[in-house]
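Structure first, then comments.
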Amino acid sequence: MQASDFQYLSGILKQRSGLALTDDKAYLIESRLLPIARGQNLQDIGQLCNMLRTNPNESLLTEITEAMTTNESSFYRDIKPYESLRNIALPMLMARQFVMKRIRIWSAACSTGQEPYTISMCLKEDAAKFAGWDFEIVATDLAKKVVDKAKEGVYSQFEAQRGLPIQILMKYFTSLPDTSWKIKDVIRSSVQFKLQNLLTDYSSLGKFDIVFCRNVLIYFDEQTKAQVTDKMSRTLTKDGILIIGATETLIDPKGLFVAMDNFRGAYKLKS
């Protein structure tokens, strides 16, 4: 792939998804976009770029963006945030919202649904503790293909067993004849899935008490990270909590957030 083609495609991806690709990631473009080029009866990435330069077809641009955005996910990924959700974040919020008894949770960049479904399963496991409370889980991603898969709630044997304790798997999933597993309606119906690009306006989603934006910011450059942080601050209630990946750094040039002492990767709005 020529350098000019890499720059062209990486520019498209940056604009449409925030994904910042360095030169050493050229192999990713080759591996993920070559099947798309072949699907257009083209021989290589160069011909795909020429087609886009001549006719920037929106459906093709969407297919390219969805192919390049990372969809790595698993149930109970990095278990600690879910333990802290149950033992720290939720009790703290419940103590301050005991009148309304309503908590809204957003799983941003939810991929194929493992994160929001894990959140729902955590709530079900603590159902007695949360009796009388109303929880709303909203999950979003920019890729229609993965949102559709998440809505369906069907996972391969590998996807289902990856990270899931066997007792949770048996309790909340149904085994299908083709060896895949379908999440039960009691969990599936508790999550609202929507299309949402983190680079665009999301005020229409409303305010949230907890926002999961984990393992997403690492794919953005510093400027984009700061823009997302700023917009996330406006989606949170005054006592709200933003949760990012434990290995991620929050880029917060306006000083909007303060780290929580007892919950790694979690931030609250400054008073």
Side-chain angles (χ1 to χ4, degrees), residues 73-141 147 150-151 153 155 160 163-174 181-194 196 202 205-215 232-233 235-246 257 259-269:
S73 190
S74 63
F75 292 102
Y76 289 89
R77 183 178 181 182
D78 309 324
I79 185 71
K80 189 67 175 175
Y82 299 107
E83 293 175 348
S84 297
L85 171 72
R86 295 167 73 172
N87 300 323
I88 299 172
L90 288 175
M92 183 186 73
L93 288 167
M94 290 167 71
R96 298 180 181 183
Q97 301 189 32
F98 59 88
V99 176
M100 295 291 291
K101 291 188 180 297
R102 184 168 188 260
I103 291 177
R104 299 188 77 226
I105 303 173
W106 177 21
S107 170
C110 68
S111 187
T112 45
Q114 286 93 327
E115 180 177 85
Y117 285 142
T118 299
I119 294 168
S120 179
M121 288 186 284
C122 287
L123 297 176
K124 291 296 181 186
E125 288 297 287
D126 284 342
K129 187 184 353 181
F130 301 141
W133 282 78
D134 176 28
F135 289 93
E136 181 182 355
I137 304 172
V138 177
T140 66
D141 201 278
V147 168
K151 286 180 180 178
Y155 298 92
L164 267 179
I166 186 64
Q167 68 271 20
I168 297 294
L169 177 65
M170 301 307 296
K171 188 173 183 178
Y172 295 116
F173 289 77
T174 301
W181 295 79
K182 184 168 185 175
I183 200 156
K184 291 183 178 179
D185 284 345
V186 66
I187 300 298
R188 193 160 62 94
S189 63
S190 68
V191 181
Q192 302 174 45
F193 288 98
K194 301 180 179 183
Q196 180 65 60
Y202 26 89
L205 296 176
K207 294 277 190 175
F208 294 93
D209 302 290
I210 299 174
V211 174
F212 279 77
C213 188
R214 301 169 61 223
N215 308 304
M232 287 287 177
S233 73
T235 70
L236 286 168
T237 59
K238 65 182 180 65
D239 294 318
I241 299 170
L242 172 64
I243 303 170
I244 66 174
F257 289 91
M260 293 178 63
D261 294 333
N262 53 354
F263 189 164
R264 186 178 180 189
Y267 297 81
K268 292 190 65 181
L269 290 173

Arg102 and Glu136 ion-paired at < 4.0 Å: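 Yes, this pair counts.
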Reference residue Tyr172; test side-chain hydrogen bond (donor to acceptor under 3.5 Å, both in side chains); the match among Glu125, Arg188, Lys124: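 With Tyr172 as partner, side-chain hydrogen bond (donor to acceptor under 3.5 Å, both in side chains) holds for just one option, Glu125.
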Heavy atoms, side chains only, cut-off 4.5 Å: are [X] and [Y] in contact?
| X | Y | value |
| --- | --- | --- |
| Leu123 | Trp133 | no |
| Met121 | Tyr82 | no |
| Tyr202 | Thr140 | no |
| Phe212 | Pro116 | no |
| Thr235 | Leu205 | no |
| Asp239 | Leu93 | yes |

Expected output: side-chain [X] to main-chain [Y] donor-acceptor under 3.5 Å:
| X | Y | answer |
| --- | --- | --- |
| Tyr155 | Thr112 | yes |
| Thr118 | Tyr76 | yes |
| Lys184 | Thr174 | no |
| Arg77 | Gln114 | no |

If you take all heavy atoms of [X] and [Y], which pair is closest and at what distance?
| X | Y | answer |
| --- | --- | --- |
| Tyr117 | Ala150 | OH-O, 2.6 Å |
| Ser120 | Ser190 | OG-OG, 2.6 Å |
| Ala89 | Ile210 | CB-CD1, 4.4 Å |

Check against side chain to side chain contact (heavy atoms under 4.5 Å, CB included), Ile241 and Lys268: CA-CA 5 Å; Ile241 299 170; Lys268 292 190 65 181; 4.2 Å; yes
Ring centre gap for Trp181 and Phe173 strictly below 6.0 Å: no
